[in-house]
Structure formats: structure tokens, C-alpha cells
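Whatever order the structure lists ligands and atoms in, that order sets their numbers, starting from 1. All values below come from the heavy atoms of this structure, side chains included, with hydrogens, waters and symmetry mates left out.
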Amino acid sequence: MKPNPQDLDQFAQQHGLGAIGVTDIDKLRKQEPEALINVPAEFSCAIVIGVRLVDAVIDQIEDRPTPLYFHLYRQANFTLDRIAYRLALELQDTGYRSIAVPASQITEPGGRKGLVSHRLLGYAAGIGWIGRPTLLVHPRYGARMRYAAVLTDAPYQPGVPMENRCGECRECMEVCPVAAIKESSREFDLDACYKKLNEFRKLPFIGQHVCGICVRACSGPKCL
Ligand code: SF4
Ligand code: SF4
């Protein structure tokens, strides 16, 4: 696979991805040094991949995550991890250094963060914008997506960040059970959200920090 965007579109089609985009890591590092502190300097580019979540499962969520949603969340992560792994290997076989960043992996003891934020990478790649609940909002699929990334030194053409299109929509704010979502993503109450996720984690057949309530609300064209 040669490093050009057409190949990436083809790769996305072959693997049933809902989104693919490229981030200029060197540029982003200057704007958000703290957020990229754990990304090794040898990687100048991130390829962000996204898969869609299944609407019929998301639409069953009311005031808590359902066991089916938990399963969907894990399967989406698993699917992304397999595709990212494949992409990293293809790049490696073409002569580029690459690592796949898992869709959901905490890398700090007792922390809440992974190696790098897929939302930030996806935003910088032009896949969507950061909505009020700090989720990456895709213009077509809303927040009903999951993402992973491949860090590489392959010279892909980066995308351009998208303007925020939340506009007058406040669907997510209205449904959050702990009022964590505010007018601006910068005011998002992460502690309140995390406390609720801790509660949800203890529900039967859940066992992980998932919610899905604001993901359900942000359904793309229906709320935009
Ligand atoms: S994940 Fe749940 S608790 Fe957190 S902001 Fe969204 S709706 Fe609120
Ligand atoms: S539900 Fe509306 S306000 Fe909330 S993130 Fe999505 S588009 Fe933005």
C-alpha cells in the first residue's frame, strides 16, 4: 500500500469503516503539547479510523447502558483494534514505522486516559467536531461512532479541522442524568460524568465505564 489518501479511502471501503482521516501530529503537537506527550517523536502522522455503532441497539438506551450496548461497545472496539492492527502491519510492510493505538485502553494507573485522545486526533483530521459532551461528532453519524488510530511516519496528506456545528442543538444536555454537559465542551464536568459511569459499571452485565445516554441523543442528521 502506497501512502496516498486514495489508498486510505479504498482501505476504509474494504474494511467497512464509517470514517477515516489523517492528522498532522507535528502540527498538533505544537498546539496541544500536553495531549501528545506520550506519542513518540518518530510518528509525524496519525490515521484515525471510525466504525459506526448499530442504531437499533443505541435506540434501546433510556436512563442507563444496556447489556447489549455494552456488548456493542466492546465489539466496536474489537473491530477497530483488528483493523488498526492490519493497517499498522500494511504500513510496516511498505517500509513505515507504525503502531496501532487501541480504541479503548487506559494507560495510566488509576487514570482515565489512554496513550492519546482519539477524539482530538479525529477532530484534527477533519472527521468531525468536538460536541458539547466532548464527544467527536461526525456530520452524518453524530456521536454514534467509535474510533482508533494508527501512528506512523508515512507522509499522508492531513485533513482540515471542521467547525463546530452543534448550533442550537442541546439534545445531549437535556438527557444527561448528572447535568455534566454544558454549553461549551470546555465546561464539561468530567468528574460528574465519571462518577455516574462508576455507578453504571456496577450494574449487572455491564462491568465497565459505559453510559451511552448522550451517544443516543447525538444521532447525527436527526439532531443536527
Ligand atoms: S456519558 Fe452519560 S453521564 Fe457522561 S455526559 Fe454522557 S450522558 Fe452524561
Ligand atoms: S447532541 Fe447536539 S449539542 Fe450535543 S453534541 Fe450532538 S450535535 Fe452537539
Side-chain angles (χ1 to χ4, degrees), residues 18-19 21 48 50-77 80 103-106 108 110-114 117-148 159 161-224:
V48 185
V51 294
R52 295 175 64 190
L53 295 172
V54 176
D55 285 331
V57 174
I58 305 282
D59 289 340
Q60 289 177 348
I61 297 171
E62 288 178 1
D63 61 350
R64 65 194 61 197
T66 62
L68 259 186
Y69 174 64
F70 175 53
H71 180 73
L72 180 72
Y73 172 87
R74 288 208 299 188
Q75 287 305 305
N77 291 344
L80 282 164
S104 179
Q105 183 191 42
I106 303 297
E108 314 169 330
R112 303 173 193 174
K113 290 183 182 169
S117 160
H118 297 308
R119 297 170 192 183
L120 175 65
L121 295 181
Y123 164 70
I127 287 176
W129 66 93
I130 304 292
R132 299 187 208 281
T134 74
L135 297 172
L136 183 61
V137 185
H138 186 281
R140 188 157 170 207
Y141 308 126
R144 295 176 171 206
M145 298 275 292
R146 296 282 310 155
Y147 296 93
M162 207 177 276
E163 274 191 18
N164 187 303
R165 296 193 205 162
C166 285
E168 298 302 309
C169 174
R170 287 176 179 76
E171 300 263 343
C172 53
M173 282 174 82
E174 285 160 17
V175 295
C176 177
V178 289
I181 305 169
K182 314 292 182 192
E183 281 291 319
S184 156
S185 59
R186 292 187 189 281
E187 303 165 83
F188 180 71
D189 189 341
L190 181 61
D191 288 336
C193 171
Y194 196 73
K195 206 170 150 195
K196 195 69 191 169
L197 299 191
N198 253 329
E199 270 178 42
F200 287 152
R201 186 169 62 90
K202 293 173 193 146
L203 290 171
F205 311 112
I206 301 296
Q208 208 168 321
H209 290 101
V210 291
C211 171
I213 297 172
C214 55
V215 170
R216 180 189 178 179
C218 189
S219 57
K222 279 189 227 155
C223 69
L224 298 174

### Task
Compare all side-chain heavy atoms of Pro65 with those of Gln208 and state whether any distance is below 4.5 angstrom.
no
### Task
Assess Cys193: does it contribute an N, O or S atom lying under 2.8 Å from atom 2 (Fe) of ligand 1?
no
### Greater than 12 external heavy atoms within 6.0 Å of Glu62's CD
no
### Query
With atoms numbered from 1 as shown, which atoms in ligand 1 lie under 4.0 angstrom from a non-hydrogen atom of Phe188?
5 (S)
### Nearest protein heavy atom with distance in Å, relative to atom 6 (Fe) of ligand 1
Cys214 SG, 2.4 Å
### Message
I need the atoms of ligand 1 closer than 4.0 Å to a non-hydrogen atom of Ile213, numbered in the order shown.
### Response
7 (S)
### Message
Taking 4.0 angstrom as the limit and counting only heavy atoms of Arg132, give me the atoms of ligand 2 inside it, by number and element.
### Response
3 (S), 5 (S)
### Message
If you count heavy atoms of other groups shown closer than 6.0 angstrom to NZ of Lys182, is the number above 12?
### Response
yes
### Task
For side-chain contact (heavy atoms from CB on, under 4.5 Å), just list the numbers for Glu183 and Arg132, CA-CA rounded to whole Å, side-chain angles, deciding distance to a tenth of an Å, and then say yes or no.
CA-CA 6 Å; Glu183 281 291 319; Arg132 299 187 208 281; 3.6 Å; yes
### Query
Of the protein's non-hydrogen atoms, which lies at the shortest distance from atom 2 (Fe) of ligand 1, and what is that distance?
Cys211 SG, 2.4 Å
### Query
Atoms of ligand 2 less than 4.0 Å from Val137 heavy atoms?
5 (S)
### Query
How does Ile181 reach ligand 1, by side chain, by backbone, by both or by neither, if only non-hydrogen atoms under 4.0 Å count?
side chain
### Summary
Of all protein heavy atoms, the one nearest atom 8 (Fe) of ligand 1 is Cys176 SG, 2.4 Å
### Salt bridge Asp59-Arg144, side-chain N to carboxylate O under 4.0 Å
yes
### Summary
Atoms of ligand 2 under 4.0 Å from any heavy atom of Cys166, numbered from 1 in the order shown, are 3 (S), 5 (S), 7 (S), 8 (Fe)
### Message
Tell me whether the rings of His138 and Tyr141 are parallel (<30°), tilted (30 to 60°) or perpendicular (>60°).
### Response
parallel
### Message
Measuring only between side-chain heavy atoms, which start at C-beta, is Arg119 closer than 4.5 Å to Thr134?
### Response
yes
### Query
N/O/S atom of Cys218 under 2.8 Å from atom 6 (Fe) of ligand 2, yes or no?
yes
### Query
At a 4.0 Å threshold, what atoms of ligand 2 neighbour a non-hydrogen atom of Gly131?
5 (S)
### Task
Could you check if a side-chain atom of Trp129 sits within less than 4.5 angstrom of a side-chain atom of Cys166, using non-hydrogen atoms only?
yes
### Summary
For Pro133, the ligand 2 atoms with a heavy-atom partner under 4.0 Å come out as 5 (S)
### Task
With rounding to the nearest 0.5 Å, note down the distance linking SG in Cys214 to CD1 in Ile181.
4.5 Å
### Query
Any idea which atoms of ligand 2 are less than 4.0 Å away from a heavy-atom of Cys172?
1 (S), 3 (S), 4 (Fe), 5 (S)
